[in-house]
Structure formats: C-alpha cells, structure tokens
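First the structure, in the form of structure tokens, and then the observations on it.
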Amino acid sequence: MESGFETPVYITRPLLPDLQLITEKFHDIIDSKKVTNMGDQHHELERQLKQYLNVEHMTLFSNGTLALLLGIKALGLRGEVITTPFTFPATVQALDWNQITPVFCDIEPHTLNIDPARIESLITERTSAILGVHVFGNPCDVHRIQEIADRYGLKVIYDAAHAFGSTIDGMPIGTYGDLTMFSFHATKLFNTIEGGALTYRDPELVQKLNLLKNFGIASEDQVLLSGLNAKMNEIQAGIGLEVLKLVNDERIRRLDLLNVYMDELRDVQGLKIVTATNNLSSSLQYFVVRVVEESFGKSRDWLHEQLKKFNIYSRKYFYPLCSEFPWYYHLESTSSENLEVAHRISSEVLCLPFYGELGRESARKICRIIKQLQAM
Ligand SMILES: *Cc1c(COP(=O)(O)O)cnc(C)c1O
C-alpha cells in the first residue's frame, strides 16, 4: 500500500530562477529608475522571445487576458466569434469585454480542440472570426480552420496560452492565423509571473497595439484611441529574461516525466492519455488523462477527491465548460446537443502533477496510487 506525499503535490510549480540572479537584475532595474513603460528589459525580452518563438512580430503585455482582449479590439472584430467551450474563462471573457457574442463549437475527441468539421454550420452574417485554443499545447487543425476562414472572409485568432514553443510540422505555432496570444502566467511553462504577448501577421498592427496597451497615448499632445493599461513592467520582463534561460532544460525534464507517465499508465484500463498527435510537437504544458468511468470503474470526480487523501491535488481542466457560465444561459449554441463531445470530455479530464522538479520517483508513486485506487 502506498502512503501519501508528506507535502502537497500540485499540478504545476512556477519555473523560477535563483534568487541571487533576480536580485542582481532588480539592482540594475531600480538603479536605472526606469521601472516600466517599455525600458531595456522589455525590449530585450521582446527580442529574445521573437527569436525563441521564431516569429517576426510581437507585442508584450501585462498578462495574456489583456493581450487577447486588445488583440481582438485591434482587429476590429464585432458581432459573433466562433470558439470552443473547452478552455479557460479568459478566452471567452476577452470576447465579452469587446461586446462580442461567443458562438460555441464542439471539440474533436482526440485533440480536444475546436472541431473544424462543425465550424461552418455555425457561421452567420454576424460572424467576424474563429477563435481557436491550442488546448494543453496540442495545436488546432490550423490549415482547415484557415481554409474555412478564407472562404467566408473571417479572421482567425488563437489562444496559445498553453502552447509556448509548440510547432506544427516544424513551423512555429505563433505564425498561424491573424493573431496569436501567449500567456506568461506563473503556471505556464515560460513565465514572467504575470505577463503575455501577441504575435501577428500584419506588421501594421504594432502601432495600434502599442497605443492600446498604453491608454492610446501617441505623444505629449495626442491621445489617439481609447486604450487601457496593459504594459509589461521591467521587473516582469527582467524575471522573464532569467526564466527563458531555464525553459529548454525544463522541457527535457518534463519529457522525461511524460515517458514515466506513459509507461506506467498506458495499460491502465479506462485511462486515456491526452498526448500530442503526429507531426505536432507539444509544449509539455500539462499532463492530462481522461478517466472513462465505464472502463476505469470509478468516476473522474471520485479519483480527483481520493487523490487529495494522498496529498495529490489534480485539477479538472477544463470543467465546467465556458458554455455553462450563467451569463451565457440564453445562447442557442450552449445547448448540450450542440456540445456533446465537449460535455463528455469535460466530465473525464484530469490534469496530473507535471513539472520538472517533481522528479521521476514522485511521478511513479502517483501512478502507483492511481492504480491502487482503481483496485479499491
Ligand atoms: C492562462 C490562460 C489564459 C489567461 O492568461 P493570463 O496570462 O493568466 O491572463 C487564457 N487562456 C488559457 C487557455 C489559459 O490557460
């Protein structure tokens, strides 16, 4: 019989540099007195991230939600946007704050991303864009989505909060669609504690985004449009520069953990591992399984609760679906007949601890506990 962990084990821990390194950085920033409003750290982080993500155009923001919100505003979207219910609340809230109605589209059972085969039937005269999410770092079917968008003259936006460093047939994920959002929240693979970025196709967007994130102020005498405050400060950017140096090693350690989980859980009846599909390279953001009650013998919710007794805090990502939020009750697209796959998957998904520091032994122990619980 396995006993529990002595200290709580969470699904992730922030990737952070040595305190010593951050302290030195803070010294430089404080001495310079330029602590925000696009200083040296900001410029350097933007330069390095463009290189790392292999993109031409990027703008940094104080967080991913404001990046997405302002990106949608910069593209001038309105009316309805077709999106997925299987995502973090921020995706659809960025639409809400732009007075746009989300139209929920069901997901593919293998990638858990928006199902291109279901998009077309949801398009109306009011549709202005398709907003896909690269869930758990697995890329959407970007080619089919683009093809539909081109046919109907729609914009394409991606929420790549989970997909830092993901590629599609070797191509960087931030180069698809009109605009892609990355989140650098502490829970994400690469983080600036709080932070985010947009990458985009049209180089002209840069001026607009720079205005939007700084109150629309163009010069001492000119405020050109109604923006808000969404600037990444120098402390955030400085920490980001140090964290970026750690990302490649962290990916290697996570790949190692992924192999342990795959080996140990592959043959567990009723557990389906959600992994990267062929030719798609995942970001290793989360490790997710589906607990299929009929064959596993116990429900996802039961397993989630039982794991707590062993000090393991798994998460039900994504449950509830965004289409279940009370302020969307009146929308036709939230009906469960329209979202059958999403509802089923949302009742099965469970995110397990997945971060380099966890180590192989702890991952093996978690797997043994899961098997022990199944046999109860
Ligand atoms: C984290 C996350 C966001 C929000 O990003 P923030 O930087 O926390 O504002 C948006 N969408 C998804 C899918 C996320 O996981």
Side-chain angles (χ1 to χ4, degrees), residues 1-22 52 135-138 161-166 183-193 239-276 280-291 296 298 300 303-317 349-376:
M1 285 296 271
E2 282 292 332
S3 55
F5 286 89
E6 265 163 38
T7 50
V9 178
Y10 302 103
I11 60 162
T12 193
R13 301 269 79 187
L15 183 62
L16 291 171
D18 280 344
L19 191 57
Q20 175 74 25
L21 289 170
I22 313 186
Y52 192 93
V135 174
F136 307 138
N138 285 335
H162 293 176
F164 188 83
S166 291
S183 164
F184 307 146
H185 183 260
T187 51
K188 306 301 181 340
L189 175 66
F190 166 73
N191 82 91
T192 58
I193 297 184
I239 289 175
L241 282 167
E242 291 303 324
V243 174
L244 192 57
K245 296 177 189 165
L246 308 175
V247 167
N248 287 345
D249 274 351
E250 175 66 10
R251 285 180 60 93
I252 292 168
R253 290 195 290 174
R254 289 189 187 195
L255 205 54
D256 205 39
L257 286 181
L258 179 67
N259 287 328
V260 169
Y261 273 131
M262 302 269 271
D263 282 350
E264 298 283 332
L265 298 179
R266 197 183 336 253
D267 298 327
V268 176
Q269 208 178 13
L271 271 198
K272 287 192 179 166
I273 298 169
V274 179
T275 49
L280 308 169
S281 164
S282 166
S283 62
L284 305 168
Q285 169 66 47
Y286 289 122
F287 179 79
V288 184
V289 293
R290 285 170 51 201
V291 184
F296 185 75
K298 313 271 200 275
R300 184 274 312 272
L303 183 60
H304 172 74
E305 280 307 312
Q306 293 296 314
L307 286 171
K308 289 181 188 168
K309 297 182 181 164
F310 293 82
N311 239 346
I312 302 167
Y313 293 86
S314 61
R315 294 292 295 266
K316 306 183 216 176
Y317 279 165
V349 274
L350 197 63
C351 209
L352 297 178
F354 193 58
Y355 51 95
E357 236 181 280
L358 179 69
R360 284 184 197 176
E361 260 328 296
S362 297
R364 287 206 183 94
K365 184 178 165 78
I366 291 166
C367 296
R368 285 195 301 271
I369 290 168
I370 290 172
K371 291 179 204 175
Q372 183 178 310
L373 284 168
Q374 183 185 31
M376 262 176 74

Quick check: are there more than 12 heavy atoms from other residues, nucleotides or ligands sitting under 6.0 Å from [atom1] of [X]?
X: Glu357; atom1: CD; value: no
X: Arg364; atom1: CZ; value: yes
X: Arg360; atom1: CZ; value: no

Residue pair [X] / [Y]: nearest heavy atoms and the distance that separates them:
X: Leu358; Y: Phe354; result: CD2-N, 4.4 Å
X: Phe5; Y: Asn311; result: O-ND2, 2.9 Å
X: Phe164; Y: Leu189; result: O-CD2, 4.0 Å
X: Lys188; Y: Gln285; result: CA-OE1, 3.5 Å
X: Pro353; Y: Tyr261; result: O-OH, 2.7 Å
X: Ser314; Y: Ile11; result: CA-CG2, 3.8 Å

Check your understanding: Out of Arg290, Arg315, His304, which one pairs with Leu350 under the side chain to side chain contact (heavy atoms under 4.5 Å, CB included) rule?
Key -> His304
Point to revise | Residues that Arg251 engages under side chain to side chain donor-acceptor pair (under 3.5 Å), provided they are two or more places apart | key: none
How many angstroms lie between [atom1] in [X] and [atom2] in [Y], if you round to the nearest 0.5 Å?
X: His185; Y: Ile193; atom1: NE2; atom2: CD1; value: 9.5 Å
X: Tyr52; Y: Asn248; atom1: OH; atom2: CG; value: 4.0 Å
X: Ile312; Y: Lys309; atom1: CD1; atom2: NZ; value: 13.0 Å
X: Leu303; Y: Leu271; atom1: CG; atom2: CG; value: 7.5 Å
X: Ile370; Y: Phe310; atom1: CD1; atom2: CZ; value: 10.5 Å
X: Leu15; Y: Thr187; atom1: CG; atom2: OG1; value: 12.0 Å

Find out whether [X] and [Y] are in side-chain contact, i.e. whether some heavy atom of one side chain is under 4.5 Å from a heavy atom of the other.
X: Tyr313; Y: Lys308; value: yes
X: Leu373; Y: Lys298; value: no
X: Tyr317; Y: Val349; value: no
X: Leu265; Y: Phe287; value: yes
X: Val288; Y: Val135; value: no
X: Thr192; Y: Ile239; value: no

Check your understanding: Relative to the ring of His162, is the ring of Phe136 parallel (under 30°), tilted (30 to 60°) or perpendicular (over 60°)?
Key -> parallel
Practice item. Go through Leu255 and Leu258 one step at a time and tell me if the side chain to side chain contact (heavy atoms under 4.5 Å, CB included) criterion holds. Key: CA-CA 5 Å; Leu255 205 54; Leu258 179 67; 4.2 Å; yes
Review point. Any donor and acceptor pair, going by atom type alone, linking the side chain of Lys371 with main-chain N or O of Glu264 inside 3.5 Å?
Key: yes
Exercise for review: Compute the ring centroids of Tyr10 and Tyr355, then answer whether they are less than 6.0 Å apart.
Suggested key: no
**Study point:** salt bridge (charged side-chain N to carboxylate O under 4.0 Å, His left out) pairs, two or more places apart, involving residues 5-22
**Key:** none
Review point. Given the rule in the salt bridge (charged side-chain N to carboxylate O under 4.0 Å, His left out) test, do Lys365 and Glu361 qualify, once you have shown the distances and angles that lead to the verdict?
Key: CA-CA 6 Å; Lys365 184 178 165 78; Glu361 260 328 296; over 6 Å; no
